[in-house]
Enquirer: 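Got a structure for you, questions after.
Bear in mind the structure is a predicted one, so any value in this text is a computation, not a measurement. Sequence positions, counted from 1, serve as the residue numbers for this chain.
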Amino acid sequence: MSPLSSLLEAVDQADSSDTLVDAVEQLAAAQITEAAPTLIQVLSFNNPGAAVAAVDGLIALGDLAVNDLLELLDDYNYGGRAWAIRALAGIGHPQALETLLDAAVNDFSMSVRRGAARGLGTIQWQKMPSAEVAAAQQQVMDTLFQVTEDPEWVVRYAAVVGLGSLSETADPNFHEPIFHHLQQLTHQEEEPSIRARIHWAMESRKNPK
């Protein structure tokens, strides 16, 4: 039996929550590309510990896991979808951009919208054709502006985090509109934690490292 087969069998035969977590951690640590579909399947299990390990494993696989994540994204299990979005956000490949844009605005699950909003700030623009970057960054900025009006405060918080991250990676032309939008939010956002995060993001832009 190959090493991968043994690891997959351990996941399949896990008979308790703890043994499943252990098996998934070992599978993730192996960093074998062919394990991605199984790691994605684990995301829909009702086991947060195993899901965290699976997300870590998928992020470690990086770009090699993106196709499988996009193809196997579970539209019916919002928990699994949230974990998958978290993995895509951690990888940051532009191939996931359309999925993240749609999820941030339209997904019914608060946790999915939150993960997508954060993920929009982590896109690795250097992996996108240079001719497409400016339009894509504009789309991300406009979407995050929209998400700062989400009815759920945790999603709005994630949008502010996403905008802060975007301001660090986007073309300098986007810095002023992002700063201006954050400044406007300080006058309309009532949630104290979001207001604090807005001020932190604004100060970071004033005093870049």
Side-chain angles (χ1 to χ4, degrees), residues 2-124 144 147 150 152-162 165 193 197:
S2 69
L4 175 59
S5 297
S6 298
L7 292 167
L8 294 176
E9 184 177 356
V11 172
D12 186 56
Q13 295 185 356
D15 56 5
S16 72
S17 176
D18 289 341
T19 56
L20 178 61
V21 171
D22 289 342
V24 174
E25 287 178 345
Q26 292 182 44
L27 179 62
Q31 295 189 27
I32 301 173
T33 304
E34 291 76 13
T38 298
L39 292 173
I40 294 168
Q41 184 181 19
V42 170
L43 302 179
S44 294
F45 294 173
N46 186 24
N47 188 317
V52 168
V55 167
D56 289 344
L58 290 163
I59 292 174
L61 289 175
D63 296 353
L64 298 174
V66 173
N67 279 333
D68 285 329
L69 275 163
L70 293 174
E71 291 176 1
L72 300 175
L73 197 64
D74 192 338
D75 291 331
Y76 299 100
N77 184 306
Y78 71 87
R81 197 162 66 253
W83 288 113
I85 290 292
R86 184 179 298 191
L88 288 170
I91 296 169
H93 195 280
Q95 189 178 349
L97 180 57
E98 291 301 322
T99 295
L100 294 174
L101 287 166
D102 180 67
V105 175
N106 297 317
D107 203 282
F108 76 90
S109 167
M110 172 182 67
S111 58
V112 173
R113 298 198 307 278
R114 177 180 59 184
R118 284 179 175 269
L120 287 173
T122 67
I123 299 298
Q124 298 180 36
L144 288 173
V147 179
D150 193 278
E152 299 289 348
W153 77 266
V154 293
V155 181
R156 299 198 304 276
Y157 186 99
V160 171
V161 173
S165 299
S193 61
R197 191 61 175 79

Enquirer: Pairs under 3.5 angstrom only: tabulate donor-acceptor contacts from the side chains of residues 92-102 to other protein residues two or more places apart or in another chain.
Expert:
residue : atom : partner : partner atom : Å
His93   : ND1  : Gln95   : N            : 2.9
Gln95   : NE2  : Asn67   : OD1          : 2.4
Asp102  : OD1  : Asn106  : ND2          : 2.7

Enquirer: Quick check: closest heavy atoms across Gly115 and Ala89, and the distance to 0.1 Å?
Expert: O-CB, 4.1 Å
Enquirer: Please report the shortest heavy-atom distance between Gly90 and Ile59, naming the atom on each side.
Expert: CA-CD1, 3.8 Å
Enquirer: What pairs with Ala82 under side chain to side chain contact (heavy atoms under 4.5 Å, CB included), at least two apart in sequence or on another chain?
Expert: Ser111, Val112
Enquirer: Could you work out, with side chain to side chain donor-acceptor pair (under 3.5 Å) as the rule, every residue matching Arg114, not counting sequence neighbours?
Expert: none
Enquirer: How long is the straight-line distance from CG of Asp12 back to CG of Leu7, given to the nearest 0.5 Å?
Expert: 12.5 Å
Enquirer: Side chains of residues 33-58: which donor-acceptor partners sit under 3.5 Å, not counting sequence neighbours?
Expert:
residue : atom : partner : partner atom : Å
Ser44   : OG   : Asp74   : OD2          : 3.2
Asn47   : OD1  : Gly49   : N            : 3.2
Asn47   : OD1  : Ala50   : N            : 2.9
Asn47   : ND2  : Ser17   : O            : 3.4
Asn47   : ND2  : Ser17   : OG           : 3.0

Enquirer: Rounded to the nearest 0.5 Å, what separation is found between the OG1 atom of Thr122 and the CD1 atom of Ile91?
Expert: 9.5 Å
Enquirer: Considering non-hydrogen atoms only, spot the tightest contact between Gly121 and Ser165 and give its length.
Expert: O-CB, 3.2 Å
Enquirer: Assess whether side chain to side chain contact (heavy atoms under 4.5 Å, CB included) is satisfied between Tyr157 and Glu152, documenting all intermediate values.
Expert: CA-CA 9 Å; Tyr157 186 99; Glu152 299 289 348; over 6 Å; no
Enquirer: Return each pair, listed once, that meets salt bridge (charged side-chain N to carboxylate O under 4.0 Å, His left out) where at least one residue sits in residues 35-53; pairs must be two or more places apart or across chains.
Expert: none
Enquirer: Show the nearest heavy-atom pair for residues Leu120 and Leu144, with the distance to one decimal.
Expert: CD1-CD2, 4.0 Å
Enquirer: So do Val147 and Arg113 actually touch side chain to side chain, heavy atoms under 4.5 Å?
Expert: no
Enquirer: Please name all residues satisfying salt bridge (Lys or Arg N to Asp or Glu O under 4.0 Å) with Asp107, sequence neighbours left out, ordered by chain then number.
Expert: Arg81
Enquirer: Taking everything shown except Arg86 itself, do over 12 heavy atoms lie less than 6.0 Å from its CZ?
Expert: no
